[in-house]
Structures are given as structure tokens and as C-alpha cells.
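Since the structure comes first, as C-alpha cells, the remarks are kept for the end.
By convention in this document, chain letters (A, B, ...) are assigned in the order of the sequence lines, proteins followed by strands, and residues within each chain are numbered from 1.
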Protein chains: 4
Amino acid sequence: MSTPAEPKRRADAVRNRRLALDAAMALLAEPGATLTVEAIARQAGLGAATVVRAFGGKDALLDAAVSGLLEPVVRRARDLLAETTAYQALQTFLGELIAFQTAHHAVNDQLDGLELPATTALRAGLVAAVEEMIEGARREGAIRTDIAPAVVTTLLGRTALAVARAQPPSQALADAYLTVLLDGLRPTG
Amino acid sequence: MSTPAEPKRRADAVRNRRLALDAAMALLAEPGATLTVEAIARQAGLGAATVVRAFGGKDALLDAAVSGLLEPVVRRARDLLAETTAYQALQTFLGELIAFQTAHHAVNDQLDGLELPATTALRAGLVAAVEEMIEGARREGAIRTDIAPAVVTTLLGRTALAVARAQPPSQALADAYLTVLLDGLRPTG
Amino acid sequence: MSTPAEPKRRADAVRNRRLALDAAMALLAEPGATLTVEAIARQAGLGAATVVRAFGGKDALLDAAVSGLLEPVVRRARDLLAETTAYQALQTFLGELIAFQTAHHAVNDQLDGLELPATTALRAGLVAAVEEMIEGARREGAIRTDIAPAVVTTLLGRTALAVARAQPPSQALADAYLTVLLDGLRPTG
Amino acid sequence: MSTPAEPKRRADAVRNRRLALDAAMALLAEPGATLTVEAIARQAGLGAATVVRAFGGKDALLDAAVSGLLEPVVRRARDLLAETTAYQALQTFLGELIAFQTAHHAVNDQLDGLELPATTALRAGLVAAVEEMIEGARREGAIRTDIAPAVVTTLLGRTALAVARAQPPSQALADAYLTVLLDGLRPTG
DNA sequence: AATGAATGAGGGTTCATTCAT
DNA sequence: GATGAATGAACCCTCATTCAT
């Protein structure tokens, strides 16, 4: 009695789509990885044509991979907003964002360059969530109000991205980012 | 009787090297420019083989071009260090750095990706100069001392790069970067 | 006790072969249709492997499909030969041939290009029938005798094909074809 | 004093462009030839990338090749129109057209399918020239007037194409085409 | 010595066929 | 036995480099 008849014939297809996706995500995590279809296919143990067919083009594959990586991040931002104060959410989330981006390095390049539908949507969701945190923190009196929330959001996002890109990864740098940015955002006066 | 007939032939070579370099620098300044050898050659009014021959490969050309763009920035950092207080130098320099990187957008990609010798050296020089500013500002009591100078340097450098990369360029973002970062670096206590 | 259990299993096979054939014929009738195996399978509501297996290769499938379309044409030629005078048969048949080829546009390309056994045989049958019409009409004194029947047959066949291929289809052109060709075939003297 | 300084550096380029063009034309003349870029390049003794570069894409190459083949045909039609009566021009030209199309077999496929600018223009010129012949011949009282000139032109053009396509080529067929079509076009009454 | 042109390697994509379910 | 998926071959195209002029 649990969705019995519908996904009948795709046990291996789903598995291989998953393999291709995982391979792409794994390569996205490596700093200097070659992101060709062939490289992704090799990593997945599949043929090149298979991964193309599974997604309908390289762009769609990258879109899916980046989205797959980004989606839990956005969800986590939403969860934090619901659970605690906006400022606390901001603090926690920024730390986790850096950790994520550090662990999935090449995602950042994709985020900058391409125009991929799902990724774009998720990024917008991420921006919206951070902006809510900023606005909430302003109302809570936790951060300064002389800079527009949208600007603060962009600043936090882009600098997080940059910090994550540092080679080699550095926890000290991530900590410094959090400390300096949040201190710099304290209410003036 | 010194340098008999040898440098005469090289006059054209020097001129063409300069032309290729200028062309590459100009293209590096444009956001979406095509950085193929042929495009650079066309911009320079030269043949494709000439620009390759003048540098011995595309990588070397890019190294030279990026270095050419970076060199005045490093020199400017040095000059500021000599002219004024370290903190004042830091403030001024960060503003100019953002402006430079915003104006020479594509340089950033090259800075991240490749490992080019001259560029790497210059980047090291840049890091060293900023690190001197940080250390000086610490001695001046102008900034906090609970974060290692090297970490602060990396933080400032990488975030400047990220802010410059913002699309579209935003002066408000650059201002916010300066304000928030420098406020966040104020001495604690 | 004859044919014990064997043909039962083949009921589905026969049905699917029919479905694939109909699908291919339908696509052959459309001018710009995509004639990939997958497209034919989709049109048939079958899997791609099924249509291949049912015929043992794409070429064999096309052979069968084209033959299926051509077969009634040949039979019609035979019937006309039996029913009426040779010249009358010729007149009627040419008109119908053009109409058929116009309605099943893509068949023409296949007729020209490939060398498919069944199709080749049918085409030979078609040629033979037309040739009989020509010879009969000669005996009836209805057409000129200074051109070899085989040549006249080829001329009529190939020009019919060309007229059918006209884009956009034109009834005026078909009429002109009939008028001019038949007038041009009138007995000399 | 004869165009001395302008085409300085292209002796080999022109030669190879010519080679590629000739190769394409040669393959266009063969009935079942493979018209891939690689096949053309092999025929020309060049690399595949070279022929692409020389024309900027496969379509442009085919356009040039077909146009190169078609251009003298159109010019010949124009010349005939200037030299003699329209009907005589028509008779002569149709014979030559068949001969040409027989000798350059595959041109016909390209003429049917693609939308190539130069080829399309030339084809329009060809149609216009033949139409002028028809109209002139009507005024001369040499051909029937109960079929629209445009229809006659299409009929002659498409059937010439079809006759040329006959395999194996047959002079008897070409002669029959001319005889039957022109007799069929005689004035009625 | 400069250069336009040639090229070989590599990219993404499509498709007829084969295989595992 | 039917099938969705896998695949290897083939296609067109781009580009950094090399060569002949």
C-alpha cells in the first residue's frame, strides 16, 4: 500500500542517475577538478553518453548537481529562521555556509558563471533567507541599520564565498570571517 | 663597440611584446571578453603566432598580462606604507584595491585559477604589503590583536576579490565592505 | 496435433510488429518527420528495442515499411491492367501514383537512397507493371513507338517522383505533369 | 601594375580553400558519397579543422560547393537567352542541364534539403532564367499557353533533376526526357 | 623574424544497437 | 519476450600550438 505500481522499471536508471549526480558533486567539491562530461562519467563508472542522456545535456547535469548541493543549505537556513532569533540564526548559518562552501569548493565557480534554472532559483532562495535574517536582526537591534539589508546580504554572501575559496582551507580564516564581519555589523553608537 | 648589431633586430620584438601585453591587459579588464590567443592577437593588431612566440605560450602571456596589471597595485601599496600611518594606508589601499579589481574584472579569475610564476610572486608581494599594514596598524593600536595578521590579510584580500566580482558592480557594496570590515577590525575592549 | 504450442507466444510479436510497421509508415508520410528508431518506437507506443528486435535492424524495418506503403500501389497497377485498356490504365495510374507519392513524401527519399530487398523487389514490380502499360499502349496505337518502353517507364517513374517531391505540393503541377507527359507520348506522324 | 600589393599572404590559403572546394564538389558528384567534413578533408588531403576554418562551418562549405557547381549553369542559361531564340535556348539548356546534373549527382539532394543562402539565390536565378525562356517561347508561339509559365518551369526543373538522378545514368533517358517534354509542350490546336 | 594557415586533441551531442531487468 | 537504459562510434566545432611562406 505504499506507491506500489508507478516506478516500475527504473531501478538501475535511478541508481545511475544517482551515480552521475554523486560523481558530479564529488568533482564539484575538488578545487581544480576537470568538469568535462567524460570526467564525470569516468568518476561515475559510466559511459559519457549515459550521463548526458540521464540529464539531457551538460548544463542540466551541472544544474542538478549544484542544486543538490545547495538545497540542504537553503533548507537549513529556513530551519534556523524558524527555530531561533534572527541574529542567532545568522551567526550559526554563516558558520555552516562557510563550512559547506569550503567542502564543496567548485560549486562557487558554477554559482558565479552559469545561468542554470534550478541553481538560480535556489540561490535566490538563499539570498532571501539571509535577507530575512538581516532584517530580523535589525528589528532585534542586534545589527547596525545604516547599511541596506540587501547590501549586507550581498556582502556576507560574496565574502563567504571568497573565504571558502581560500587555498588551503583554513578554519582560522573562517573563524576570523565570522568574528570580523559580525563585529563590524554591530549596532553603531 | 658594445652591443654591436644585436639589439637592433629586437626593436620590433619589444614593440610587439608590448602590443600583445597591452591587448591582453585590455581584454582582462572586460568582464565577458574572449581570452583566446586569436582574440588577443586581433586586439593587438598582430598575428596569433606572434603573440605566442613573444611569450612562449598562452600561460606565460597571461602571467605577464596579469602581472602587468598587478604590479602598479603592489607598488601603490608600498608607496602608501611609506607615506602615511599603517592604518591610514590600509584604509586607502583597500578602497583602491576594490576599485582596481572591479575595473579589471577578469584578472580575478586568473588569480584564482592558474599558477603563474610572476603573478604568484606579485601576489605574494601584495600579501606581504598588506600584512605589513596590518602589523603596523596593530602597533599603532588601530586594530584588534586577537587575530593573526596573516589571517586578517587573507581575509581582506579574498573578500576584496569577492566584492569586486559582484555583478553588477556596486559602489554601495564596496563602501559597505570597507565600513564593515574596518569596523570589525577595531580594537576590542 | 499440428503447430502445437508455438504460435501462441507469437501473438504479441505479430501485434507489435504490426504496430511498429504502422508507426514507421505514418512517419514516412510526414514530410519532415524524424526517422530515428526511438521516434518510431514512441509513435508505436513500444520500446525502442522492441521495434529493432521485431525486424532485426533499422534498415529491415524501413524496408518493410516502405514495402507496406508500396505494395497497394503495385497491386493497383496490376488491377488497372486487368480492368481496362493499357493506355487508360496508364493515365489513371500515373495520376494516382503522384497522389500517393505526394501523400507519402518521405518514401521517395528511401526509394532513392537505400538498397532494401523487399522495396527493391516491389519497385521492380512497379516498373514491370508500368512497362506492361507502355507496351500495351503501344500495341493499342495510343502512344509513340520511337522510344524504348523501358526508357519511357523510367522517365515516367522518375518524373512522377520529382513532381511529388515539389514543395509545397501543387495540384496544378501534378496536372501539368500528366498533361505534358501524355501529350508528349502521343503517336508521332 | 596589376593588383600588386593586396593579396600578399594567401597563396596556400587560396590553394587549400580551392582544394577543399574541389573535394566537396567531387564528392557531390558521386551518388552515395559520405558528405562528412572528415570525408571532404580526406579527399582534399587536408585536416578536418582546416576545411571548417576555411569556410566557417559545414553548411557554408556545402553552400560554396553547390554554388560553385551551379553558377556556370546559371550563367550558361543567361548566355543562351542572349544568343538565340527563347525556344532554342530552352531546348539547348535543358539538354545541358540534364548533363550537368547527371555529372554532379549529389547536388540535387543538397538543392532539395538545405537552406543555404548562395545556393538559394542561384536556384532562384536558375528558375528566373528558365521562366524567361518559357515566356519567350510562348511569345514566339513555340509552346502551348494553357499552362502557367511558373508551373512549366517547375515541371521542367524538377523532372530534369529526377532524370539526372537515374541510376545508372542513361543518355537515352536524357534524350527521351527532352523529346517527350518538348513535344508535350507544343502548342495545342 | 613575423604571420596566416594547418592541425591534433578534446569538447558536447546524437543514434543504432546491445544488455540487464 | 518486451523494454528502458547503456554505450561506442561518429559528427561538428573550438583552440593552443606548429609550420611554411
[atom1] of [X] versus [atom2] of [N]: gap in Å, rounded?
X	N	atom1	atom2	answer
D/Arg42	F/dA10	CZ	P	11 Å
D/Arg18	E/dA6	CZ	P	15 Å
B/Asp59	F/dC15	CG	C1'	13 Å
B/Arg15	E/dA2	CZ	P	9 Å
D/Leu19	E/dA5	CG	P	15 Å
A/Phe55	E/dT14	CZ	C1'	18 Å

Q: Show your working on side chain to side chain contact (heavy atoms under 4.5 Å, CB included) between B/His104 and B/Leu28 and close with a plain yes or no.
A: CA-CA 6 Å; B/His104 301 87; B/Leu28 279 171; 5.9 Å; no
**Q.** Watson-Crick/G-U partner (both atom distances under 3.5 Å) of E/dG4
**A.**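 Its partner is F/dC19 (Watson-Crick or G-U wobble, both distances under 3.5 Å).
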Q: Scan every strand shown for a Watson-Crick or G-U wobble partner of F/dA10, both distances under 3.5 Å, and answer none if you come up empty.
A: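 Its partner is E/dT13.
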Q | Of C/Leu122, C/Leu116, C/Leu62, the residue whose pairing with C/Ser67 passes side chain to side chain contact (heavy atoms under 4.5 Å, CB included) | A |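 Among C/Leu122, C/Leu116, C/Leu62, the one meeting side chain to side chain contact (heavy atoms under 4.5 Å, CB included) with C/Ser67 is C/Leu122.
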Q: Determine, for nucleotides 7-12 of chain E in 5'-to-3' order, which nucleotides have protein heavy atoms under 4.0 Å from the base (write B), from only the sugar-phosphate (write S), or from neither (write -).
A: BB--SS
Q: May I have the step-by-step check of side chain to side chain contact (heavy atoms under 4.5 Å, CB included) for B/Leu70 and B/Phe100, ending in yes or no?
A: CA-CA 9 Å; B/Leu70 223 48; B/Phe100 164 77; 4.0 Å; yes
Q) Can you check whether C/Leu35's main-chain N or O pairs, donor with acceptor, with C/Lys58's side chain at less than 3.5 Å? A)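 Answer holds: yes.
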Q.
Any salt bridge linking B/Glu38 with D/Arg53? Criterion: basic side-chain nitrogen under 4.0 Å from a carboxylate oxygen.
A. yes
Q. What are the two closest heavy atoms between D/Ala64 and D/Leu21, and how far apart are they?
A. CB-CD1, 3.7 Å
